[in-house]
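Accompanying notes for the structure given below.
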Amino acid sequence: MSSTDFPPLKNDLILRACRGESVERVPIWIMRQAGRYLPEYKAISAQHSFFEVCRTPSLACEVTLQPVRRYDLDAAIIFSDILVIPQALGMQVEMVANEGPCFPQPLKIPDDINTKIDRTRQASIELKYVYEAITLTRRTLDGQCPLIGFSGAPWTLMSYMIEGKASSTMSKAKRWLYSYEKESHDLLNILAKFIIDHLVEQIAAGAQLVQLFESHCACLTPDLFNRFSLPYLCQIAKGVRDELSKRELSFVPFIVFAKDAHYGLQDLSSTGLFDVISLDWTITSACIQSLRNENSKLTLQGNLDPCALYSSKDSLEKSVRTMLQIFGTKRYIANLGHGIYPDISVDNVKWFIDAVHEISKELNDSNTNKS
């Protein structure tokens, strides 16, 4: 579907921030903004399972729009999950209450790659429901703000597929990196190729930005990151651009979020393949300034500690002001340093969003008056 079929965009702040253009206020969206902390989402989840919502375009659209109706957000992100990719490749994934995602039959030995994964499957067929949800949501948004598509990155997906559930050490998955290096690269390559197709299909369906989530970098050494994560992040960024060119589709801003990869941010930024790098809350102001100084065409995103949303209004506003003073108001997208927690107050979320808009506008106006 061509972009001419969609309503004109009314708020392009986030796209301008990605391009390095001036913005009257800093744009903001929140990771996991559509979902479990919202009472309107809880009403839907009481009647429908998690993956049922993901697989039903009308429900995914409704849940995506809920936070945009409630708050003055500058982007929507499609309601889906990173683990739809292992599902699409033939693995069973269940969402278990109070535990999270679970693989009843995870990968245990390298031979499982050939018996539990179907390499012939295509994203365009298996994940058609995601693309239908994106097109429906893009139309229903009526140009209110841009729509973000996303995917999990190869190492993150691989670790889930082997561990079978969340893990603090990822020791089973890391064992593969040390014991089955060739087979690990084979699996990562399968995932990378599928992710490229998945992101391109999302863009073709109407996504105006995409984000790649590499969520499990805390368990990797710098060497393991450079061998088993970074090359595939780069492969995906290149592959998406190449495929968009082949299909004569317009490029969209590409965001990468390598959580806890503080040791790899310079390498990640120096590739020049990513329009935006999202940062977690552990990144120092000195590191942020270094990224700014060495990459003039790079936009940064982040990085408020999600727990700061438990603060009083005054404390939260102080945290937001400090964050804005560190990042500046140009080439910057405000966000949390990871996903929002399910017990956060909806009022505190509003305080956060409004504070970003009001304080960044104040800082912009002050800088204009000085000049």
Side-chain angles (χ1 to χ4, degrees), residues 30-67 76-108 112 116-118 121 123 125-134 136-137 148-170 172-173 187 191 194-195 198 202 211-216 218-219 257 259 306 336 338-344 346:
I30 297 171
M31 284 181 260
R32 292 185 181 160
Q33 68 187 29
R36 53 196 180 164
Y37 70 103
L38 290 174
E40 49 267 49
Y41 171 76
K42 292 176 184 176
I44 287 181
S45 64
Q47 299 179 18
H48 305 277
S49 70
F50 178 83
F51 284 117
E52 181 186 355
V53 176
C54 290
R55 295 188 187 114
T56 308
S58 60
L59 292 175
C61 173
E62 168 58 24
V63 173
T64 301
L65 295 174
Q66 286 175 347
I77 181 166
I78 195 66
F79 185 82
S80 186
D81 194 80
I82 64 171
L83 298 181
V84 298
I85 289 179
Q87 285 180 330
L89 288 167
M91 295 191 72
Q92 183 182 354
V93 185
E94 300 173 351
M95 196 61 70
V96 180
N98 302 318
E99 286 188 31
C102 174
F103 288 70
Q105 295 183 309
L107 305 179
K108 294 184 177 179
D112 287 344
K116 295 181 180 180
I117 293 175
D118 186 347
R121 295 197 178 187
I125 297 172
E126 302 298 332
L127 297 178
K128 186 178 179 182
Y129 62 85
V130 176
Y131 318 132
E132 290 177 348
I134 285 174
L136 177 61
T137 304
I148 302 172
F150 70 92
S151 175
W155 159 246
T156 296
L157 297 181
M158 173 182 170
S159 58
Y160 270 120
M161 292 160 73
I162 295 171
E163 295 288 339
K165 59 183 179 179
S167 166
S168 60
T169 63
M170 299 295 169
K172 294 177 184 176
L187 177 55
L191 292 167
F194 201 91
I195 290 163
H198 183 40
Q202 290 182 72
Q211 176 157 315
L212 187 60
F213 286 85
E214 186 71 293
S215 304
H216 295 165
C219 297
F257 179 37
K259 185 178 182 294
L336 298 177
H338 199 214
I340 190 170
Y341 299 146
D343 61 346
I344 293 293
V346 293

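Side chains are part of it too, since the values below use all heavy atoms of this structure and drop only hydrogens, waters and symmetry mates. Residue numbers count from 1 along this sequence.
- Residue pairs meeting the salt bridge (charged side-chain N to carboxylate O under 4.0 Å, His left out) criterion with at least one member in residues 33-53, sequence neighbours excluded: Glu40-Arg70.
- If you take OH on Tyr37 and CZ on Arg32, they are separated by 12.0 Å, rounding to the nearest 0.5 Å.
- Two residues are said to be in side-chain contact when any heavy atoms from C-beta on lie closer than 4.5 Å; Ile44 and Gln66 meet this criterion.
- Screening residues 80-96 for side-chain hydrogen bond (donor to acceptor under 3.5 Å, both in side chains), with sequence neighbours left out, gives Arg55-Gln87, Gln92-Glu94.
- Looking at Thr64, its side chain does come within 3.5 Å of a backbone N or O of Phe79 through a donor-acceptor pair.
- In terms of the salt bridge (charged side-chain N to carboxylate O under 4.0 Å, His left out) criterion, residue partners of Lys116 (sequence neighbours excluded) are, by chain and number, Asp112.
- In this structure, the separation between CD1 on Ile195 and CG on Leu212 is 6.5 Å, given to the nearest 0.5 Å.
- For the pair Ser167 and Met170, the tightest heavy-atom approach, listed with the atom from each and the gap, is OG-N, 2.9 Å.
- Between Leu336 and Tyr341 there is no side-chain heavy-atom pair separated by less than 4.5 Å.
- Shown here are the side-chain hydrogen bond (donor to acceptor under 3.5 Å, both in side chains) partners of Ser159, two or more places apart in sequence or in another chain: His216.
- To the nearest 0.5 Å, atoms CG (Leu83) and CE (Met95) are separated by 6.5 Å.
- Side chains of Pro86 and Tyr160 form no contact here, defined as non-hydrogen atoms less than 4.5 Å apart.
- The aromatic rings of Phe150 and Phe213 lie perpendicular to each other, with more than 60° between the two planes, well past the 30° mark.
- Shortest non-hydrogen contact noted between Cys219 and Thr169 is SG-O, 3.5 Å.
- Here Tyr131 and His198 bring their ring centres to under 6.0 angstrom of each other.
- Here the shortest heavy-atom pairing between Val346 and Pro39 reads CG1-CD, 3.9 Å.
- Side-chain contact between Pro306 and Ile340 is absent, with no heavy-atom pair separated by less than 4.5 Å.
- Partners of Thr156 according to the side-chain hydrogen bond (donor to acceptor under 3.5 Å, both in side chains) rule, which considers only residues two or more places apart in sequence or in another chain, are Glu214.
- Taken to the nearest 0.5 Å, the CD1 atom of Ile162 stands 12.5 Å off from the NZ atom of Lys108.
- Annotation: side chain of Leu107 is in contact with side chain of Met91 (closest heavy-atom distance under 4.5 Å).
- Take Glu163 and apply the salt bridge (charged side-chain N to carboxylate O under 4.0 Å, His left out) test, not counting sequence neighbours, and it matches no residue.
- Rounded to the nearest 0.5 angstrom, Ser49 OG and Leu59 CG are separated by 9.5 Å.
- The minimum heavy-atom distance between Ile148 and Gln211, with the atom names listed, is CG2-N, 4.3 Å.
- Rounded to the nearest 0.5 angstrom, Leu191 CG and Trp155 CH2 are separated by 11.5 Å.
- In terms of heavy-atom proximity, Gln202 sits nearest to Ile78 at OE1-CG2, 4.3 Å.
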